[in-house]
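Worksheet: one structure, shown below.
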Amino acid sequence: METGNLTIIKDFVLLGLSGSAEQQHFLSVLFLCMYLITISGNMLIILVVGFDFHLHLPMYFFLSNLAFVDICFTSTTIPQMIVNIVTDTQKISFIGCLSQLFFFISFVNMDSLLLCVMAYDRYVAICRPLHYTAIMNLHFCVQLVAGLWIVTYLHALLHTLLMAHLYFCASNIIHHFFCDLNPLLKLSCSDISLNVMIIFIVGGLFALTPLICILISYGLIFSTILKITSTQGKQKAFSTCGCHLSVVVVFYGTASAVYFTPFSSFIPESDTLLAIMYTVVTPMVNPFIYSLRNNDMKRTLQKMLCKDLHF
């Protein structure tokens, strides 16, 4: 569409991952496998928690919500990328791009906030066990998760509306496998100073606040664990918390490197590789870290399998 001498872009081209046609198809198969593992693992968590009444506890309530968000999170980007590679059609409409951006921001923020809530839940359980049932009651947990969904949707809507008011009149080629903030801002021929400021201020608040809460929670948890007299108990607790923290470090480390580096230093290739870490790898490993190392989850899974075998 043209406005005077200005050509307004109405669709974009997602370049995806660089490489030859053979490499592209290999990557599509690889990401399809990773996507199926992510969906299967997280669906299994939801089914296991729903199956066993004994798992209807705050920790598993948050875990099943995290599993649901991870399914939605990866489904926002990976299927589109695989379809683009297989069909060799890389175009996405402006509305489709903004929709993908909205849902991506919503789910990535929800993922971040749920990791924070789960850390707080473990803090209350380990450091204040006598008050756990009073603090983390079902009513509070449901209200908390509902409030988080509202906040994340409002945050995503803010970025999406700001993006919708920009003009894209130079190139329509996005050097990424999905519509993300930095690649889109790089293409805009409008003044993006407000968008960048919102990313650093509001986005920074959404990223740093949960991260600080997680680090404080686990710091208090570790100090409590050190008081445990049993060596085996200490090792088990440190092992579990260490795995959880590794997920947090990978998720927040890569996401922060993408969104909070100076905009002038934006490099499409490194941005894409970092995005793969927190959009594909983290949701895939979450089920293994949060469930397969959990004895209650494993016992319930064994019950489900035995029930199916005897059916």
Side-chain angles (χ1 to χ4, degrees), residues 38 42-43 45-46 49-50 56-77 95-124 132 134-166 178-182 184 194-217 244 247-248 251-252 255-256 258-260 275 278-279 282-283 286 290:
T38 302
N42 286 290
M43 278 298 297
I45 288 177
I46 296 171
V49 173
H56 293 179
L57 301 170
M59 179 177 72
Y60 298 106
F61 172 72
F62 295 133
L63 181 59
S64 57
N65 273 275
L66 181 69
F68 173 73
V69 171
D70 280 342
I71 290 171
C72 298
F73 187 20
T74 53
S75 297
T76 304
T77 57
I95 298 299
C97 194
L98 287 183
S99 299
Q100 188 180 54
L101 178 69
F102 171 81
F103 287 110
F104 174 77
I105 295 173
S106 299
F107 295 133
V108 75
N109 281 323
M110 193 63 186
D111 217 312
S112 167
L113 292 172
L114 280 172
L115 289 174
C116 175
V117 169
M118 290 170 70
Y120 175 71
D121 174 75
R122 290 300 82 206
Y123 156 73
V124 178
Y132 182 76
I135 297 173
M136 304 303 293
N137 60 76
L138 180 61
H139 185 66
F140 170 73
C141 292
V142 171
Q143 284 187 324
L144 181 60
V145 171
L148 293 181
W149 277 112
I150 293 170
V151 169
T152 53
Y153 277 141
L154 290 175
H155 180 221
L157 185 62
L158 172 64
H159 283 294
T160 307
L161 290 176
L162 286 172
M163 190 68 70
H165 283 84
L166 298 180
F178 66 95
C179 293
D180 200 5
L181 288 170
N182 285 343
L184 282 170
L194 177 61
N195 300 68
V196 174
M197 183 180 70
I198 293 296
I199 289 173
F200 276 91
I201 296 176
V202 181
L205 185 66
F206 267 81
L208 290 178
T209 303
L211 179 59
I212 291 169
C213 291
I214 289 170
L215 294 177
I216 291 173
S217 297
H244 294 182
V247 172
V248 171
F251 180 84
Y252 280 98
S256 299
V258 170
Y259 296 108
F260 300 112
Y278 72 89
T279 60
T282 304
N286 275 350
Y290 283 104

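The first residue of the sequence shown is numbered 1, and numbering continues consecutively from there. Hydrogens, waters and symmetry mates are skipped; everything else that's a heavy atom, side chains included, is used.
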Query raised in the report: What distance separates Tyr123 OH from Ile214 CD1, expressed to the nearest 0.5 Å?
Result: 15.5 Å
Report summary line: Residues passing the ring pair (Phe, Tyr, Trp, His ring centres under 6.0 Å) test with Phe102, sequence neighbours excluded, are Tyr153
Enumerate donor-acceptor pairs with a distance under 3.5 Å from any side-chain N or O in residues 112-122 to protein atoms, sequence neighbours excluded.
{"residue": "Ser112", "atom": "OG", "partner": "Tyr252", "partner atom": "OH", "Å": "2.5"}
{"residue": "Asp121", "atom": "OD1", "partner": "Tyr132", "partner atom": "OH", "Å": "2.6"}

Query raised in the report: Do Leu181 and Met163 come close enough that some side-chain heavy atom pair is under 4.5 Å?
Result: yes
Query raised in the report: To the nearest 0.5 Å, how far apart are CG in Leu63 and CD1 in Ile46?
Result: 9.0 Å
Requested in this report: Would you please indicate if the ring centroids of Phe73 and Phe103 are separated by under 6.0 Å?
Outcome: no
Report summary line: The side chain to side chain contact (heavy atoms under 4.5 Å, CB included) partners of His165 (sequence neighbours excluded) come to none
Query raised in the report: If only atom types and distance count, is the side chain of Thr152 paired as donor or acceptor with the main-chain N or O of Trp149 below 3.5 Å?
Result: yes
Query raised in the report: Of all residues at least two apart in sequence or in a different chain, which pass the disulfide (SG to SG under 2.5 Å) check with Cys97?
Result: Cys179
Report summary line: Applied to residues 61-75, the side chain to side chain donor-acceptor pair (under 3.5 Å) test, sequence neighbours excluded, yields Tyr35-Ser75, Asp70-Asn286
Query raised in the report: To the nearest 0.5 Å, how far apart are OG in Ser217 and CD1 in Ile212?
Result: 11.5 Å
Requested in this report: Would you name the heavy atoms of Gln100 and Thr77 that are closest together and state the gap between them?
Outcome: NE2-CA, 4.0 Å
Can you list, pair by pair, the side-chain donor-acceptor contacts under 3.5 Å of residues 195-202, counting residues two or more places apart and other chains?
none

Query raised in the report: With sequence neighbours left out, what residues match Phe107 under ring pair (Phe, Tyr, Trp, His ring centres under 6.0 Å)?
Result: none
Query raised in the report: Rounded to the nearest 0.5 Å, how far does OG1 of Thr160 lie from CG of Leu98?
Result: 6.5 Å
Query - Spacing of Phe251 atom CZ and Thr279 atom OG1 [to the nearest 0.5 Å] - result: 10.0 Å
Query raised in the report: Does Val145 reach the side chain of Phe61, with side-chain heavy atoms less than 4.5 Å apart?
Result: yes
Report summary line: Between Ile105 and Val108, the two heavy atoms sitting closest are O-CG1, 3.3 Å
**Report entry** Any residue meeting ring pair (Phe, Tyr, Trp, His ring centres under 6.0 Å) with His159, in chain and number order, not counting sequence neighbours
**Finding:** His155
Query raised in the report: Under the 3.5 angstrom rule, does the side chain of Asp180 hit a backbone N or O of Asn182 as a donor-acceptor pair?
Result: no
Query raised in the report: Out of curiosity, Phe104 CZ to Asn109 CG, how far, rounded to the nearest 0.5 Å?
Result: 9.0 Å
Report task. Indicate yes or no: at least one non-hydrogen side-chain atom of Ile45 is less than 4.5 angstrom from one of Leu66. Result -> no
Report task. Identify the heavy atoms of Ala67 and Asn42 that sit nearest to each other, and give their distance. Result -> CA-OD1, 3.3 Å
Query raised in the report: Taking all atoms of both residues into account, what is the closest heavy-atom pair of His56 and Gly50, and its distance?
Result: NE2-O, 3.6 Å
